[in-house]
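In what follows, a structure is listed as structure tokens, so that the remarks can point back to it.
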Amino acid sequence: MKPTHIEHVGIAVASLEEAIPFYEKVLGLTCYAIEEVKEQKVKTAFFQVGQTKIELLESTDPEGPVGKFVEKNGGGMHHIAFAVDNVQEAIDQAAAAGCRLIDKTPRDGAEGLRIAFLHPASTCRVLTELCGKP
Ligand code: ZN
């Protein structure tokens, strides 16, 4: 596997409405999309920074993965996502290298991308996402 760049950094927030002004008014970025990802029980807001995006995640369900994270930690950095050419190939290679997977096959993420998560137990405790075009 050879990621081409950091596609995005995922940051969990209690409220998009409360978090967006920091990114827009202080950092001077523009929120260009808000999208609900039902499968992950989140509403996302995106900001472009060079080749990389900031993905803010607000939970739509307290029992969802981000809901639990926010309850435990109050929010904060949630995951890092690397862009790869072929997500299935990349997770197969990670598994072959002994990495524990959360997703054995890619699923749908925001912005029409295919995504898969590697388990934090194998990634120095940083939830790691691989994403790519379908
Ligand atoms: Zn993500």
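Order of appearance sets the numbers: ligands from 1, and atoms from 1 within every ligand. FYI, the numbering just counts along the sequence from 1. Just so you know, these numbers use all the heavy atoms, side chains as well, and skip hydrogens, waters and symmetry mates.
Ion pairing of K41 with E63 is absent here, as no side-chain N (NZ or NE/NH1/NH2) approaches a carboxylate O to less than 4.0 Å. Contact check on E35 versus K43 returns no salt bridge, with no Lys/Arg side-chain nitrogen under 4.0 Å from an Asp/Glu carboxylate oxygen.
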Worksheet item: Under the side chain to side chain contact (heavy atoms under 4.5 Å, CB included) criterion, do H79 and V126 qualify, and how do the steps go?
Response: CA-CA 6 Å; H79 66 272; V126 177; over 6 Å; no
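Considering all non-hydrogen atoms of both residues, Q48 and Y32 come closest at N-CE2, 3.7 Å.
Other cluster members for V66: V37, V42, L57, V70, joined by side-chain heavy-atom distances under 4.5 Å among Ile, Leu, Val, Met, Phe, Trp and Tyr.
Using modelled atom types, one finds no donor on one side chain facing an acceptor on the other under 3.5 Å when comparing H78 with E55.
Excluding waters, the set of protein N/O/S atoms under 2.8 Å from the Zn ion (ligand 1) reads H8 NE2, E55 OE1, H79 NE2, E129 OE1.
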